[in-house]
Amino acid sequence: MKKPDILAIRLAAKSRLFEIQAVDLRFSNGELRTYERFKPASRSAVMILAIDDQQNLLLTYEYAVGTEQYELGFPKGLMEIGETPEQSANRELQEEIGFGAHKFTLLRTLISSPGYMNNPMHILLAESLYPSRLQGDEPEALQLVRHPLTKIDELLDDPNFNEARNLSALFLLKKHLAQR
């Protein structure tokens, strides 16, 4: 299929964190439409599925203003300019849960809501952990939660573990472990 022609991109709204663009398009059949989207991301993000020596997944409870509650999930964060996904993952682990990792495996790169935004997130498995802490930007210390890898399916039923990227990452991990 031929992609539509982009006729114009304009600022529709802007806040401290977000910029909404109006994108004028002409489709191959001549149809004209204006779509709205978040300004494409300038930085990718990482999500890390860390497994400790006791075969536990390491998760955190972190406050999410969107749902106005603490959400159970994997450590994650934006990549700094010049970082590789592995470097970013190692930094985020140290900032959020006090561990670094010697081994990283990229499971997949995900994009959520491609109709409205371009926000790549690299999902990485972290193994061979070691204690190390870096100062992060979280407003409070995150609560570390250890979940046995043997009970991975229980996370799928946990009502506090409901964010789509976390669930996708868990399925990617299950697939990866089954192929070992």
Salt bridge (charged side-chain N to carboxylate O under 4.0 Å, His left out) filter on Lys175, not counting sequence neighbours, yields none
Spell out, as yes or no, whether a donor-acceptor pair under 3.5 Å connects the side chain of Asp24 to the backbone of Thr34. no
Do Phe104 and Leu93 have side chains that get closer than 4.5 Å, going by heavy atoms? yes
Any salt bridge (Lys or Arg N to Asp or Glu O under 4.0 Å) involving residues 41-50? Give me the pairs, sequence neighbours left out, ordered by first then second residue. Arg43-Glu80
Should we count CZ of Arg180 as having more than 12 external heavy atoms under 6.0 Å? yes
Restricting to pairs with a member in residues 164-174, which pass salt bridge (Lys or Arg N to Asp or Glu O under 4.0 Å), not counting sequence neighbours? Asp153-Lys174, Glu163-Arg165
Contact summary for Phe27 and Pro4, nearest pair of heavy atoms: CE2-CG, 3.5 Å
When clusters are formed by joining ILVMFWY residues with side-chain heavy atoms under 4.5 Å apart, either directly or through shared neighbours, do Val46 and Leu78 land in the same one? no
Nearest 0.5 Å, please: how far is CD in Glu36 from CD in Gln21? 10.5 Å
Salt bridge (Lys or Arg N to Asp or Glu O under 4.0 Å) pairs, two or more places apart, involving residues 54-72: Glu62-Lys76
Check salt bridge (charged side-chain N to carboxylate O under 4.0 Å, His left out) between Arg146 and all other residues, then give those that pass, not counting sequence neighbours. Asp52
Are Leu177 and Leu149 packed together at the side-chain level, in the sense that at least one heavy-atom pair is separated by less than 4.5 angstrom? yes
Which atoms form the tightest heavy-atom contact between Thr60 and Pro75, and what is the distance? CG2-CG, 4.5 Å
So do the side chains of Pro120 and Asn118 get within less than 4.5 Å of each other, counting heavy atoms only? yes
Name all residues meeting the salt bridge (charged side-chain N to carboxylate O under 4.0 Å, His left out) criterion together with Asp5; count only those two or more places apart in sequence or in a different chain, and write none if there are none. Lys2
Any chain of hydrophobic side-chain contacts (each under 4.5 Å) joining Leu59 to Leu49? yes
Between Ala126 and Ile48, which heavy-atom pair has the shortest distance, and what is it? CB-CG2, 3.6 Å
CG/Leu11: more than 12 non-hydrogen atoms of other groups inside 6.0 Å: yes
Report the distance from atom CD1 of Ile123 to atom CG of Leu173, rounding to the nearest 0.5 Å. 11.0 Å
Residues forming a ring pair (Phe, Tyr, Trp, His ring centres under 6.0 Å) with Phe38, sequence neighbours excluded: Phe18
Which atom pairs, donor and acceptor, lie under 3.5 Å between side-chain atoms of residues 131-143 and protein residues at least two apart or in another chain?
unit_1 : atom_1 : unit_2 : atom_2 : d
Ser132 : OG     : Gln94  : OE1    : 2.6
Glu140 : OE1    : Tyr70  : OH     : 3.4
Glu140 : OE2    : Tyr70  : OH     : 2.7

When you group the ILVMFWY residues by side-chain heavy-atom contacts below 4.5 Å and let the links chain together, are Tyr63 and Leu144 in the same group? no
How long is the span from the CG atom in Leu167 to the CG atom in Leu172, to the nearest 0.5 Å? 11.0 Å
Once ring-ring contact (aromatic ring centres under 6.0 Å, His included) is applied, what residue pairs with a partner in residues 134-180 remain, sequence neighbours excluded? Phe74-Phe161
Filter on salt bridge (Lys or Arg N to Asp or Glu O under 4.0 Å), then keep only pairs touching residues 87-103, sequence neighbours left out; what's left? Glu83-Arg91, Arg91-Glu95, Lys103-Glu127
Side-chain donor/acceptor pairs under 3.5 Å, residues 105-114, sequence neighbours excluded:
unit_1 : atom_1 : unit_2 : atom_2 : d
Thr109 : OG1    : His122 : ND1    : 2.8
Ser112 : OG     : Asn119 : ND2    : 3.1

side-chain contact (heavy atoms from CB on, under 4.5 Å) for Leu7 and Leu32? Distances and angles first, verdict last. CA-CA 9 Å; Leu7 305 176; Leu32 299 173; 3.8 Å; yes
When you group the ILVMFWY residues by side-chain heavy-atom contacts below 4.5 Å and let the links chain together, are Leu72 and Met47 in the same group? yes
Counting C-beta onward and ignoring hydrogens, is there a side-chain heavy-atom pair between Leu129 and Leu58 closer than 4.5 Å? yes
Answer yes or no: is there a donor N or O on one side and an acceptor on the other, between the side chain of Asn90 and the main chain of Gln87, under 3.5 Å? no
To the nearest 0.5 Å, how far apart are NZ in Lys151 and CD in Gln55? 14.5 Å
Indicate if Leu170 and Leu124 have the same hydrophobic cluster label, given that clusters are the connected sets of ILVMFWY residues with side-chain heavy-atom separations under 4.5 angstrom. no
Using the side-chain contact (heavy atoms from CB on, under 4.5 Å) rule, take Asn162 and Thr67 through it: C-alpha gap first, then chi angles, then the decisive distance, then the call. CA-CA 11 Å; Asn162 57 21; Thr67 58; over 6 Å; no
Only counting residues at least two apart or in another chain, list the ones meeting side-chain contact (heavy atoms from CB on, under 4.5 Å) with Ile6. Ile9, Val23, Leu25
